[in-house]
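Here the structure comes first, spelled out in structure tokens, and everything after it is commentary.
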Amino acid sequence: MEANVPKRKEPSKALRIKVISMGNAEVGKSCIIKRYCEKRFVSKYLATIGIDYGVTKVQVRDREIKVNIFDMAGHPFFYEVRNEFYKDTQGVILVYDVGQKESFDALDTWLAEMKQELGPHGNVDNIVFVVCANKIDCTKHRCVDESEGRLWAESRGFLYFETSAQTGEGINEMFQAFYVSIVDLCENGGKRPPTNSSTSFTKEQADTIRRIRNSKDSWDMLGVKPGASREEVNKAYRKLAVLLHPDKCMAPGSEDAFKAVVNARTALLKSIK
Ligand SMILES: Nc1nc2c(ncn2[C@@H]2O[C@H](COP(=O)(O)OP(=O)(O)OP(=O)(O)O)[C@@H](O)[C@H]2O)c(=O)[nH]1
């Protein structure tokens with residue numbers, strides 16, 4: 001007869017993962033990693049030469065994770081060193097400085113560099129990306145706001161966190177969510193699980209909000225030629241209002257974009273005789 005002894009749960013095998021950091025020089029990649037691993041902040045800038053490497057252990061749910069972190073130098077000079085390290089990566093920490101617009105604009109270039117190095121068979125859909133909007137303690141110099149950063153990240157299915165390596169704000173939360181997503185990915189057969197936010201708005205909505213933000217005047221914002229008729233303005237307005245109405249669109253920045261469109265239409269109708 002079988003003894004009625006509850007089976008002891010086998011501890012899950014430790015998982016080995018590789019993560020890399022990416023982003024322009026001086027945005028705070030090394031400081032974010034140091035803040036998490038060593039609980040300290042280094043105020044003096046010491047440029048990473050090529051690559052820094054470290055190993056750390058973390059616990060996610062009941063699983064032990066051995067993390068190999070490759071902290072990549074952001075300076076273009078180190079491209080030849082970096083390009084060796086993109087392969088076999090499960091997670092990417094993509095960092096920009098909220099006070100430096102170029103570092104935000106460069107995120108696309110970083111993604112392109114990685115895709116190029118992974119080659120035609122490499123698939124970034126099987127990698128967890130977390131975007132860190134870093135240096136949020138420097139409020140006076142901030143020029144990339146939260147909705148802009150969040151929109152960029154979430155429209156690509158990436159995680160987004162506001163961080164300060166200096167104060168520690170957002171750092172633990174960011175790493176925790178990052179590692180949980182990587183474990184989910186590994187347990188999901190290597191496919192990135194959908195984030196809630198990535199499914200709550202469409203690419204068309206995200207692209208439209210970005211276009212509205214970058215428009216140079218009210219005509220441009222509504223997507224009509226200068227001198228367009230009232231009918232053309234109203235038609236363009238209705239299309240945008242349906243797309244961006246706050247009841248229908250959950251994309252970051254949609255409320256501001258909707259208000260801007262309403263104001264643009266009012267201003268144009270006033271000016272058209
Ligand atoms: N105020 C503030 N300064 C920060 C923060 N994070 C990093 N810094 C400073 O920004 C500078 C650059 O930080 P690093 O972490 O070395 O930057 P990096 O992105 O690793 O740079 P590379 O190694 O050249 O790619 C240093 O002087 C840091 O002290 C932050 O959250 N707030």
Side-chain angles (χ1 to χ4, degrees), residues 19-30 32 48 51 70-87 89-136 141-163 170 174 178 181 185 192 194-195 197-216 220 223 251-254 256-257:
V19 306
I20 60 174
S21 67
M22 279 172 17
N24 278 8
E26 275 191 71
V27 293
K29 300 179 292 297
S30 307
I32 286 174
T48 305
I51 301 276
F70 293 81
D71 179 19
M72 311 243 247
H75 199 284
F77 181 76
F78 295 112
Y79 167 69
E80 295 295 339
V81 186
R82 273 197 311 267
N83 64 12
E84 299 292 322
F85 288 87
Y86 283 119
K87 293 203 173 68
T89 296
Q90 282 79 43
V92 176
I93 305 170
L94 195 48
V95 185
Y96 69 92
D97 174 349
V98 296
Q100 247 203 354
K101 183 77 164 62
E102 317 86 83
S103 71
F104 175 67
D105 294 338
L107 295 181
D108 285 311
T109 315
W110 283 102
L111 267 189
E113 181 176 305
M114 180 170 196
K115 281 183 187 164
Q116 185 187 315
E117 293 313 317
L118 291 180
H121 303 297
N123 188 356
V124 289
D125 292 342
N126 297 343
I127 298 171
V128 173
F129 285 83
V130 62
V131 175
C132 293
N134 194 41
K135 305 197 188 183
I136 55 164
H141 304 286
R142 183 157 190 166
C143 59
V144 185
D145 69 22
E146 179 173 349
S147 62
E148 197 173 356
R150 199 175 270 288
L151 186 68
W152 190 91
E154 293 183 352
S155 59
R156 287 165 177 79
F158 299 170
L159 299 166
Y160 172 88
F161 281 85
E162 300 247 301
T163 58
M174 180 276 286
F178 182 51
S181 285
L185 173 128
R192 194 194 308 154
T195 57
S197 38
S198 66
T199 52
S200 63
F201 57 90
T202 63
K203 184 172 182 301
E204 187 187 8
Q205 288 170 327
D207 291 345
T208 305
I209 293 169
R210 254 190 298 270
R211 191 187 61 70
I212 288 170
R213 276 173 174 279
N214 295 329
S215 55
K216 54 181 193 302
D220 192 26
S254 57
D256 287 345

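The first residue of the sequence shown is numbered 1, and numbering continues consecutively from there. Every heavy atom of this structure was used, including side-chain atoms; hydrogens, water molecules and symmetry mates were not. Source: prediction; values computed, not measured.
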Of all heavy-atom pairs between [X] and [Y], which one has the smallest distance, and what is that distance?
X: S30; Y: D71; result: OG-OD2, 2.6 Å
X: W110; Y: A73; result: CH2-O, 4.2 Å
X: A206; Y: S155; result: CB-CB, 3.8 Å
X: A133; Y: Y160; result: CB-OH, 3.3 Å
X: A106; Y: N24; result: CB-OD1, 3.4 Å
X: F161; Y: G170; result: CD2-O, 4.4 Å

Which residues share a ring pair (Phe, Tyr, Trp, His ring centres under 6.0 Å) with Y96, sequence neighbours left out: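 Residues passing ring pair (Phe, Tyr, Trp, His ring centres under 6.0 Å) with Y96: F104.
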Distance from [X] atom [atom1] to [Y] atom [atom2], nearest 0.5 Å?
X: T163; Y: M174; atom1: OG1; atom2: CE; answer: 6.0 Å
X: N214; Y: I209; atom1: CG; atom2: CD1; answer: 12.0 Å
X: L107; Y: E102; atom1: CG; atom2: CD; answer: 12.0 Å

What I'd like to find out is whether the side chain of [X] reaches to under 4.5 Å of the side chain of [Y], using heavy atoms alone.
X: V124; Y: L118; result: yes
X: V95; Y: I32; result: yes
X: M114; Y: V92; result: yes
X: L111; Y: F158; result: yes

Residues D97 and S103: side-chain donor-acceptor under 3.5 angstrom: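 Distance-only check fails for D97 and S103.
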Test item: side-chain donor near acceptor, Y86 and E84, under 3.5 Å: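 E84 and Y86 do not have a side-chain donor-acceptor pair below 3.5 Å.
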R211 with D207: basic N within carboxylate O range, under 4.0 Å: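 Judged by the 4.0 Å cut-off on N to carboxylate O distance, R211 and D207 do not form a salt bridge.
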Pairing of K135 and E162 as salt bridge, 4.0 angstrom limit: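 Between E162 and K135 there is no salt bridge, as every charged N stays at least 4.0 Å from the carboxylate O atoms.
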Ignoring hydrogens and angles, tell me if any N or O in the side chain of [X] forms a donor-acceptor pair with the backbone of [Y] under 3.5 Å.
X: S21; Y: M72; result: yes
X: R210; Y: E148; result: no
X: R213; Y: S215; result: no
X: R82; Y: H75; result: yes
X: E154; Y: L151; result: no
X: K29; Y: G23; result: yes
X: T48; Y: I51; result: no

Criterion side-chain contact (heavy atoms from CB on, under 4.5 Å) on I93 and C132, from CA distance to verdict: CA-CA 7 Å; I93 305 170; C132 293; 3.8 Å; yes
V98/N134 under side-chain contact (heavy atoms from CB on, under 4.5 Å): CA gap, chis, key distance, verdict: CA-CA 6 Å; V98 296; N134 194 41; over 6 Å; no
side-chain contact (heavy atoms from CB on, under 4.5 Å) between F70 and T89, worked out: CA-CA 10 Å; F70 293 81; T89 296; over 6 Å; no
Residues L94, V130; criterion side-chain contact (heavy atoms from CB on, under 4.5 Å); working and verdict: CA-CA 6 Å; L94 195 48; V130 62; over 6 Å; no
Pair D125-R156, salt bridge (charged side-chain N to carboxylate O under 4.0 Å, His left out): steps then yes or no: CA-CA 10 Å; D125 292 342; R156 287 165 177 79; over 6 Å; no
Y79 OH: over 12 foreign heavy atoms closer than 6.0 Å: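 Yes - once you tally the heavy atoms of other residues, nucleotides and ligands closer than 6.0 Å, there are more than 12.
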